[in-house]
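We're numbering straight along the sequence, starting at 1.
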Amino acid sequence: MSRLLCGLLCLLTLTAQAQTQTRPLLDIADVQGLRENQLVGYGLVVGLSGTGDRNQVKFTSQSMTNMLKQFGVQLPANIDPKLKNVAAVAVHANLSSVAGRGQTVDVTVSSIGDAKSLLGGSLLMTPLRGVDGEIYAVAQGNLVVGGVNASGNDGSSVTVNIPTVGLIPNGATIEREVPVAVHAKPQVVLNLKVPNFKTARNVELAINKVFGPKVAAAQNAGRVLVQAPVDNEQRVVFMSMLQDIRVDMGRQRPRVVFNSRTGTVVMGQDVKVHKAAVTHGSLTVTITEDYNVSQPNGGGFRSNNPGRTVVTPDSKVNVDQEHPAMFVWPDGTSLETIVQAVNSLGASPGDIMSILQALDEAGALEGDLVVI
C-alpha cells in the first residue's frame, strides 16, 4: 500500500512539473507576417509656458513660418519670430499589421531641440510615415508628461524625471492599413521567440497530435512550418485552435542578467555554480596633492640677495588593499546559497558582477551571463 501511495505521489509530482513547463503555443512563437511596424514623423508642440525651443534652434521658427503660410499668414523674410512656447519634436508609434483604418494607437513625442519641458503642450497635426515613405497615421493631441523642470533667474534648476518626452494615449488615427499577404499562403510560419531544438520538435508533435500527421514540420531550432487552409474563415478557425495548443518547453539555459547602467543583477532560479573558491577584494590608491610656500626672510629685500618665493608640491600616496577571506562553494550550489554568500561579503552590484564574470570565465557558472 505504501509503495502504491509513493507511486501516486511521484506521478502527481511529475504531472505537476509537466504542467508547469507547458505554455500556450503563441506565447513561445510568433506568426511570421504578423508584426509591429514603426512609424515616425516631425511635428510641433505648442502651448508651452516659455519652455520651448530658444533662438539657437532655427528649424523651429522655420517650421512655424511654413505652417503659418498654409493659413494665409505671411511673415517678412527678415523677421525671425521668437517662439518660446513652441518646440520641434519627433513623433513615433508602432502600427500592428492587423490594425484597420479609424483605429487609434499611442504615440511618443520627444523634443529634438533645446526645449526645457513639454509639460502642458499640445501636438499639432503630424503625419506619421512608414519605412516606405507612405503616410499611415496622423497624430494630434495633448501630451502627458511625467517629468518636471523648474529654474530660477540665477541659473539654478531642478529636473525630475525626463520632462522633454511625452505620451499621447490613442493620439494617432490610422489612415492606411499595412498590406499583409499571410492569409494568401498555404503555410503558416511559426518563429520561436527562443530557438531550441527540443521546443521546435515538441511544437511539431503537439500540432500533429491535434490536426493530424505531417501538418507541422520543424525546419530548424527556430522555425516550424504549418500547413493551413487558405480560406479566410477556415484560417481564422484554424489559428484559434492553434493558439490554444500547449507545448512542453525544451530546457533553457538559466541566465544571469546584469544592467550596467543601473547596477541591477537578476539571477534565474536554476542558476548553479560548480565547485569553486572565491575571494574578492579591492585595491584603493589615494593621492593627496598639497602645496607648500617658501618665502624669504622679512628683511631680505634690503640685502644684495633678497631671495624669492617658491611654491613646492607635496604629494601623499596611500595604498590600501583589503584581504578578505576566501569562500569555497561546493558543486551544484543553488541561487539561494550564492546570494547569501555574496551578501555576507557586503558586495555591491558591481562586485557581484565581477564575481560572476570570474566564475563564468573559470567555467564554474552553470548559466548564461548577459550584460545589457
Query - By side-chain contact (heavy atoms from CB on, under 4.5 Å) - contacts of Q62 (at least two apart) - result: N66
Report task. Check V107, V138, I135 against L128 for a side-chain contact (heavy atoms from CB on, under 4.5 Å) and give me the one that passes. Result -> V107
Report task. For the residue pair N142 and S122, confirm or rule out a side-chain donor-acceptor distance under 3.5 Å. Result -> yes
Query - Contact check, side chains of V237 and Q234, non-hydrogen atoms, under 4.5 Å - result: no
Query raised in the report: Among the clusters formed by ILVMFWY side chains lying less than 4.5 Å apart, do F238 and L26 turn up in the same one?
Result: yes
Report task. State, yes or no, whether a side-chain contact exists between K193 and D30 at a heavy-atom distance under 4.5 Å. Result -> yes
Report task. Any chance you could lay out the side-chain contact (heavy atoms from CB on, under 4.5 Å) test for T108 and V91, step after step, and finish with the verdict? Result -> CA-CA 6 Å; T108 302; V91 185; over 6 Å; no
Query raised in the report: Measuring from S61:OG to D53:CG, what's the distance to the nearest 0.5 Å?
Result: 9.5 Å
Report task. Locate the shortest heavy-atom distance separating I245 from A206; write the atom from each residue and the value. Result -> CG2-CB, 3.7 Å
Query raised in the report: For the atom pair CG (N170) and CD (Q103), what is the distance rounded to the nearest 0.5 Å?
Result: 10.5 Å
Query raised in the report: So E175 and R101, side-chain contact (heavy atoms from CB on, under 4.5 Å) or not? Walk me through it.
Result: CA-CA 5 Å; E175 303 292 343; R101 294 182 181 179; over 6 Å; no
Query raised in the report: Taking C-beta and beyond as the side chain, do L192 and T199 meet within less than 4.5 Å on heavy atoms?
Result: yes
Query - Which atom of A172 lies closest to which atom of A137, heavy atoms considered - result: CB-CB, 4.3 Å
Report task. Check the hydrophobic clustering (I, L, V, M, F, W, Y; side-chain heavy atoms under 4.5 Å; chains of links allowed) and say if M67 and M125 are grouped together. Result -> no
Report task. Kindly determine whether V105 and I174 satisfy side-chain contact (heavy atoms from CB on, under 4.5 Å), including the steps that lead there. Result -> CA-CA 8 Å; V105 294; I174 300 173; 4.1 Å; yes
Report task. Would you name the heavy atoms of A87 and L48 that are closest together and state the gap between them? Result -> CB-CD1, 3.7 Å
Query - K116 NZ to T164 OG1 distance, which is reported to the nearest 0.5 Å - result: 13.0 Å
Query raised in the report: Do N196 and R201 come within less than 4.5 Å of each other through their side chains, counting heavy atoms only?
Result: no
Query raised in the report: If you look at every heavy atom in L190 and A29, which pair is closest and at what distance?
Result: CB-CB, 4.3 Å
**Report entry** Separation between CG of L167 and CG of L143, rounded to the nearest 0.5 Å
**Finding:** 8.0 Å
Report task. Kindly work out whether a path of hydrophobic side-chain contacts (I/L/V/M/F/W/Y, heavy atoms less than 4.5 Å apart) joins L25 to L205. Result -> no
Check residues 207-214 and write down every donor-acceptor pair under 3.5 Å in which the side-chain atom is one partner and the other belongs to a residue at least two apart or another chain.
{"unit_1": "N208", "atom_1": "OD1", "unit_2": "V215", "atom_2": "N", "d": "3.1"}
{"unit_1": "N208", "atom_1": "OD1", "unit_2": "A216", "atom_2": "N", "d": "2.8"}
{"unit_1": "N208", "atom_1": "ND2", "unit_2": "E204", "atom_2": "O", "d": "3.2"}
{"unit_1": "N208", "atom_1": "ND2", "unit_2": "A216", "atom_2": "O", "d": "3.3"}

Report, one line per pair, each donor and acceptor closer than 3.5 Å where one atom sits in a side chain of residues 35-46; sequence neighbours left out.
{"unit_1": "N37", "atom_1": "ND2", "unit_2": "L95", "atom_2": "O", "d": "3.3"}
{"unit_1": "Y42", "atom_1": "OH", "unit_2": "S63", "atom_2": "OG", "d": "2.7"}

Query raised in the report: For the side chain of T126 and the backbone of L124, is there at least one donor-acceptor N/O pair under 3.5 Å apart?
Result: yes
Query raised in the report: Heavy atoms, side chains only, cut-off 4.5 Å: are E134 and R176 in contact?
Result: yes
Query raised in the report: Run the side-chain contact (heavy atoms from CB on, under 4.5 Å) check on V109 and V165 step by step: do they pass?
Result: CA-CA 6 Å; V109 181; V165 178; over 6 Å; no
Query - Transitive ILVMFWY side-chain link V224 to L34, under 4.5 Å - result: yes
Report task. Answer with yes or no whether the hydrophobic clustering places I168 together with L119; edges join I, L, V, M, F, W, Y residues whose side-chain heavy atoms lie under 4.5 Å apart. Result -> yes
**Report entry** Heavy-atom donor-acceptor pair, D114 side chain to R54 backbone, under 3.5 Å
**Finding:** yes
**Report entry** For the student: nearest non-hydrogen atoms of V203 and I28, plus distance
**Finding:** CG2-CD1, 4.2 Å
Requested in this report: With rounding to the nearest 0.5 Å, note down the distance linking NZ in K69 to CD in Q74.
Outcome: 6.0 Å
Report task. First locate atom CZ of F59, then atom CD1 of I112, and finally report the distance between them rounded to the nearest 0.5 Å. Result -> 4.5 Å
Query raised in the report: Can you check whether V247's main-chain N or O pairs, donor with acceptor, with N202's side chain at less than 3.5 Å?
Result: no
Requested in this report: Kindly give the heavy-atom pair with the smallest separation between L123 and A139, and that separation in Å.
Outcome: CD2-CB, 4.0 Å
